[in-house]
Amino acid sequence: MGLFTQILTLPLAPVRGVGWVMERVLEAAEDEYYDPAPVQAELAALEQRLLAGEIDEETFDRQEDELLDRLEEIRNFRNQQP
């Protein structure tokens with residue numbers, strides 16, 4: 001039965017191939033988007049800018065909150081993965 005099914009569904013092979021490629025592209029995009037390393041690097045750079053006097057406390061707090069929210073989003077996403 002398996003061989004017969006494969007022969008009958010052979011015309012659908014390109015569609016399955018495109019679906020497989022799309023899944024891999026989506027996985028790669030999610031891996032890049034939900035990578036915590038760039039966000040952590042931004043946090044470190046932000047702190048350096050504060051210590052160097054390039055930004056004030058208010059700017060630091062606002063940007064730090066945004067980056068910490070992003071890290072929380074990343075952690076939540078990674079915790080939901082099987």
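Not measured: the values here are computed from a predicted model.
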Within-4.5 Å side-chain heavy-atom neighbours: Glu66 and Asp69: no
Check: Asn79 side chain, Arg75 main-chain N or O, donor-acceptor pair, under 3.5 Å: yes
Nearest-0.5 Å distance that lies between atom CG in Leu26 and atom CD in Glu30: 4.0 Å
Lys/Arg cation over aromatic Tyr33: Arg70, 6.0 Å, 45° cone: yes
Distance in Å, Arg49 CZ paired with Leu46 CG, rounded so as to fall on 0.5 Å steps: 6.5 Å
From CD (Glu57) to CZ (Arg62), nearest 0.5 Å: 13.0 Å
Spatial distance of atom CG (Leu43) from atom CD (Gln48) [nearest 0.5 Å]: 12.0 Å
Rounded distance [0.5 Å steps], CD in Gln63 versus CD in Glu47: 13.5 Å
Within 6.0 angstrom of Glu27 CD, more than 12 heavy atoms from elsewhere: yes
Interatomic spacing from CG in Asp35 to CD in Gln40 - rounded to 0.5 Å: 8.5 Å
Side-chain heavy atoms of Phe60 within contact of Glu54, under 4.5 Å: no
Hydrophobic cluster of Val21, others only, ordered by chain and residue number, side-chain cut-off 4.5 Å: Trp20, Val25
Shortest non-hydrogen contact between Ile74 and Pro36, atoms and distance: CD1-CA, 4.0 Å
Pairwise side-chain contact, Leu50 with Asp56, heavy-atom cut-off 4.5 Å (strictly under): no
Polar side-chain atom of Arg78 near backbone of Tyr34 as donor-acceptor pair, under 3.5 Å: yes
